[in-house]
Amino acid sequence: MARVFISHATQNVAIATHIRNWLEGDHEIFLEVHPEDGIQVGEAWRERLHHELRVADAVVCVISQASVTSSWCNAEIAIADALGTLLLPVQLDGVIHPLIGHLNHIPHTTARHHLEKALRRFDAGGRKLAKDQEPFPGLDAFSTALSAVFFGRDAETRALARKVRRGPGLLAVVGPSGCGKSSLVRAGLLAQLADDPRWLVMPPWLPGNDPLDALARAVRKTAGRVGLGWTLRETRDRLALDGLRGVAQELVDEDRRLLITIDQAEELFTRAGEKDRQLVASLLKDALADNVRVVATLRSEFLDDLRTLPELSGVHLGSYVLAPLAREVLNIVITGPARVAGLKVHPELVALLVEDTASGEALPLLAFTLQHLAMGVPRGGTLSGELYEHLGGVHGALARHADDVLDGAVAETGMSKEELLARLAALATLDHTGRPTRKRVTMSQLDSRARAALEVFVRHRLLTASGDKQGRWIGVAHEALFTEWQPLRSAIEERQIGLRAAQSVEMDASQWIEGDRVDHLLLNEDALAAIAPLVANDDLSPDARRFLAVSRDRIHALRGQRRRDRRRTVSWLAVFLVAAIGAAGLAAFQWHNASAERDRATARALVVQAQVARTSSPRLALRLGLTAHALAPSQDTKAELTTTLLGSSGVPGNLFAQACEVAAGGLSPLEWQRYLPELDYRDTCAQSV
């Protein structure tokens, strides 16, 4: 139910009252002169007018010559336009208001029908349920096409729309997983703005592994809607050259606003690489101007990560906290879509569904159960309580359905249950709190058997597939599958060692990046050897993969350096050994020469002393001569001994014999007689004796 403010000049109060009467009952109407809910006697009328304008969803402007010249009417229109409120001009006497001349003015004579239609479209998001369209989305979020059956969030939708219209900057819609953030934005906010001529709504995009590509695809689709036939390549080139701000200026003029919506923005931190995240954040910051708004759905635990992005510094970052749906609203969530689709639900089944759902955090399970209860039920039919019991209730329906699909996939592909569950478990990763969270993988990463098996789960809506000619991605429809289906939960738990190892690598990679990629923050050889076998490449973000690769390259480089150092050390040791041996040999040679020279000098001195003692003491002379010859044998020492022998007498025989042997070079005394006949050997011997 929209809140409507009626702006009019005093002269047009009667027509304004007629308009109020037309709309009364279906909407909350504020008309300042109304006796019951208008401005009362003694009330601060300026504050009341400003308050009502701020909370209004739509302003009906009664346009006449009097209103054009009224300063208060002009102020009300200007304030409403600045706030982004839906403006509905009702024309009197063909007058067009210059402040909103770009908007279509409806003549008063046909205004009732047009106003009611516009406000119904606003309340219902501007959509009706198409023929044969299912009223419950299952595990998928509500889309804009299902806005007519999106119940229970009217107040939140209006509040969010007011925040977006009044801007500025980036608005994060935050809340726990499963509380309905994506549904609120898609089926609530975007559906409400889709038919507002002052807004151009870009289709929501998920960052994934390549957020720039996802953004470019959303921009290309939006450009096509305004008649610009850009190719994907051309769109990426425009983003690179002109930035998102330049692209936005080509999509909208100064009278129109562009809304950019990022769904599951936590993927900027869980899946995207650092450079891609920086680039996209910079593009968004540059584009945020008066006529550009950005809305991002985000899990609560990632809000601080978004706020501290350096690339978004200076950006006005607002937040809208979405709490899980209150228990008392679950009734309308069940019966509202059924009523639109022409289906009946017995009050007993409604009460049982509400009781089993318990809280808004189980909304995906409730929507999944209702989807299966409504399958094949024609308009006018009734949802079956017996089928509900067969499904196993809100919490059992998903697990039972998943078991059946698993059996069907095994039968169709021939893969074992264990193989299939391992493939499904690969669609999960751990966030920084250790909780399993979904990730998408490209079909090109899978072999043909795995693709065929997972397509079975896509057909039965447990997995979702998206993409185009450039590639196709696959992922779980909702994270409830990880917690409510025991076989998959067990398979994920078996992978937890690897997932936790991947989580550890992600944290190390973040520290490495934040630390300017210094080498000492890389993994050492022992850590890499321990963690690398546990981590699957697909479980890592591009940043973490680069971190591992750089760590591995550095370890290889260090190993090569150590090998080179060892070879260099061995070479130097060999050189040092050769040098040491050479030095030792030289020293020994020099020592030997010095020692020989010393002995020769001593021998010469002894020879001189022998010459002096020869006449006085032949025995001493022989001893000195023998000692000199023993120290440094030479011709001089031999000659000295020979001279002493020839002139000696009374020398002991053994000393004489020793001297004879040395002097003659080994001749015996008898042989000496042949050379020295004058020597009376026998007499000498006799004298010696």
How far apart are the closest heavy atoms of [X] and [Y], and which atoms are they?
X	Y	answer
W230	R220	O-CG, 3.2 Å
G152	L325	O-CD1, 3.5 Å
L309	A281	CD1-CB, 4.2 Å
L23	E116	CD2-CG, 4.0 Å
A16	L31	CB-CD1, 3.9 Å
R165	Q192	NH1-OE1, 3.6 Å

If you measure only the distance, is there a donor-acceptor pair under 3.5 Å linking the side chains of H34 and D37?
yes

Applying side chain to side chain contact (heavy atoms under 4.5 Å, CB included), run through L383 and L349 and close with a yes or a no.
CA-CA 8 Å; L383 301 188; L349 179 57; 4.0 Å; yes

Check whether any side-chain heavy atom of [X] sits under 4.5 Å from a side-chain heavy atom of [Y], and report yes or no.
X	Y	answer
T335	N331	yes
N104	I106	yes
T382	L343	no
L189	L184	no
L259	L200	no
I100	H105	yes
V340	P135	no
L239	L244	yes

Distance check, rounded to the nearest 0.5 Å: [X] atom [atom1] versus [Y] atom [atom2]?
X	Y	atom1	atom2	value
R158	E156	CZ	CD	9.0 Å
L241	R236	CG	CZ	12.5 Å
D276	L215	CG	CG	11.5 Å
L370	F368	CG	CZ	11.0 Å
E250	L258	CD	CG	12.5 Å
F30	H51	CZ	NE2	9.0 Å

Stepwise, does the salt bridge (charged side-chain N to carboxylate O under 4.0 Å, His left out) test hold for R327 with E355?
CA-CA 9 Å; R327 181 187 178 94; E355 183 64 29; 2.7 Å; yes

Intermediate values then yes/no, side chain to side chain contact (heavy atoms under 4.5 Å, CB included), F5 and L49:
CA-CA 9 Å; F5 183 105; L49 283 176; 3.8 Å; yes

Using a 3.5 Å distance criterion without hydrogens, assess whether the side chain of [X] forms a donor-acceptor pair with backbone atoms of [Y].
X	Y	value
R238	V247	no
Q40	E43	no
T69	Q65	yes
S70	A66	no
K181	R299	no
H346	E348	no
N12	S64	no
T144	A187	no
T261	V295	no
R307	S313	no

Parallel, tilted or perpendicular, judged at 30° and 60°: which one describes the rings of H108 and W22?
parallel

May I ask you to decide if the ring planes of F302 and F269 are parallel, tilted or perpendicular, using 30° and 60° as cut-offs?
parallel

Between [Y] and [X], is there a salt bridge with N-O shorter than 4.0 Å?
X	Y	value
E32	R48	no
R3	D57	no
D81	R198	yes
R217	D213	yes

Can you spot which of V59, L53, I63 makes a side-chain contact (heavy atoms from CB on, under 4.5 Å) with I77?
I63

Trace of the side chain to side chain contact (heavy atoms under 4.5 Å, CB included) decision for D263 with R186
CA-CA 9 Å; D263 199 7; R186 292 170 180 263; 3.0 Å; yes

Go through the steps for L322 and R153 under the test side chain to side chain contact (heavy atoms under 4.5 Å, CB included), then give the verdict.
CA-CA 10 Å; L322 183 65; R153 293 292 196 185; 3.4 Å; yes

Tell me the ring pair (Phe, Tyr, Trp, His ring centres under 6.0 Å) pairs involving residues 146-194, sequence neighbours left out?
F142-F150

Other residues, nucleotides, ligands: >12 heavy atoms within 6.0 Å of [X] [atom1]:
X	atom1	answer
H18	NE2	no
D253	CG	yes
H114	NE2	yes

